[in-house]
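Please read all numbers here as calculations on a predicted model, not as lab measurements. Counting starts at 1 for both ligands and their atoms, in listed order.
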Amino acid sequence: MSITSEEFLRQAGGPELRRIVYTEEEIAHRVREMGGEITRHYGTGAEVLVVGLLKGSFIFLADLVRSIHLPIQVDFLVASSYGSGTVSSGEVRLLHDPTTPFEGRHVIVVEDIVDSGTTLRRLLPLLQARKPRSLEVCALLHKRIVSLEVEPRWVGFEAPKEFLVGYGLDHAERLRHLPFIASLPG
Ligand code: IMP
Ligand code: MG
């Protein structure tokens, strides 16, 4: 049984959306392509550790890993973007830290969306300090608001500068389970 996006949203108790930005089909197609790009990048024999940034990446990661045809391991980390202090403290707190060791391994950090880039700018040096063999970022969406020292090697979509929900992205913890990506009226 399939239901329309409008019907799904009504059942989810969601607000009025501005528009659907990426349909379920468009996302599925692009995520499969990205899995292929990742598979070709590492080539046979490489083992890859895929680390999802929670919570936003959970649906993307689940789909992505099923399109990566390599030996992989999966882990997650939870980072608090703004820590306890001010933005200028330059700190990122890891609320959950992966138990799988990074040293000597090819690591891919999976992020739902790059907005200000603060999360990645703070997190990557911490992860680099663990001496992975390589460290890359795979982001489903990128708003290109700033340019980063280390840009994601793989980006699913160049996102519009609107507030997006669905496919893992939330608005106040709601709407993560929408199978499509939509924008809210701003
Ligand atoms: P950054 O640190 O500013 O790059 O923001 C990254 C995090 O902010 C993402 O992992 C999301 O959890 C959240 N975020 C940024 N933009 C959006 C959006 O449009 N919708 C939902 N969450 C967002
Ligand atoms: Mg969020």
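- In this structure, the side chain of E151 engages the main chain of L148 through a donor-acceptor pair within 3.5 Å.
- The nearest non-hydrogen atom to atom 1 (P) of ligand 1, considering only S116, A139, G168, comes from S116.
- Partners of F157 under the ring-ring contact (aromatic ring centres under 6.0 Å, His included) rule, at least two apart in sequence or in another chain, are Y22.
- Distances from atom 23 (C) of ligand 1 to the heavy atoms of L53, I113, T118 show the closest one on I113.
- Below 3.5 Å of separation, one finds no N or O of V165 facing any N or O of ligand 1.
- K143 NZ: more than 12 foreign heavy atoms inside a 6.0 Å radius.
- Looking at residues two or more places apart in sequence or on another chain, you find a side chain to side chain donor-acceptor pair (under 3.5 Å) between R30 and E33, E37.
- The closest approach between G117 and ligand 1 falls below 4.0 Å for a heavy atom of the residue.
- Residue contacts with ligand 1 include K143, since one of its heavy atoms falls under 4.0 Å from the ligand.
- Of all heavy-atom pairs between I38 and L70, the closest is O-CD1, 4.1 Å.
- E162 counts as a contact of ligand 1, since one of its heavy atoms falls under 4.0 Å from the ligand.
- Between the choices T119, V21, D170, D112, the shortest heavy-atom distance to atom 9 (C) of ligand 1 belongs to D112.
- Between R18 and E162, at least one side-chain nitrogen of the basic residue sits less than 4.0 Å from a carboxylate oxygen of the acidic one, meeting the salt-bridge criterion.
- Contact annotation: for D115 versus ligand 1, heavy atoms closer than 4.0 Å belong to both the backbone and the side chain.
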